[in-house]
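Report on the structure given below.
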Amino acid sequence: MALTAFSVGTIGLYLRTPGMREEGSLRPTEQGIALAKDVWLLGVGVALIAEGMKEHG
């Protein structure tokens, strides 16, 4: 859960910070690549949560 929360915060920072992505697009600028590439953390966090729910359900 903490990994997912951290990654959502990172993605939010990427989306809110001027200059991190091209205007009108989600495509990162050169400065935004470092934050944008961490989107995989969200995938891992969601997969871990889904796996935990599967085991308990």
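Because the structure is predicted, anything quoted here is derived from the model rather than measured.
- A chain of hydrophobic side-chain contacts below 4.5 Å, direct or via other Ile, Leu, Val, Met, Phe, Trp or Tyr residues, connects Leu42 to Leu35.
- Side-chain contacts under 4.5 Å among hydrophobic residues (ILVMFWY), followed directly or transitively, place Ile33 with no other residue at all.
- Each of Val46 and Met1 belongs to its own hydrophobic cluster when Ile, Leu, Val, Met, Phe, Trp and Tyr are linked at side-chain heavy-atom distances under 4.5 angstrom.
- The side chain to side chain donor-acceptor pair (under 3.5 Å) check on Thr17 picks up nothing, with sequence neighbours excluded.
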Please list every donor-acceptor pair under 3.5 Å in which a side-chain atom of residues 6-16 meets a protein atom from a residue at least two apart or in another chain.
from  : atom 1 : to    : atom 2 : distance (Å)
Ser7  : OG     : Leu3  : O      : 3.3
Ser7  : OG     : Thr4  : O      : 2.8
Thr10 : OG1    : Phe6  : O      : 3.1
Tyr14 : OH     : Leu26 : O      : 2.5
Arg16 : NH1    : Gly12 : O      : 3.4

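- Screening residues 23-48 for side chain to side chain donor-acceptor pair (under 3.5 Å), with sequence neighbours left out, gives Thr29-Gln31.
- The shortest non-hydrogen separation linking Pro28 to Gly32 is CB-C, 3.9 Å.
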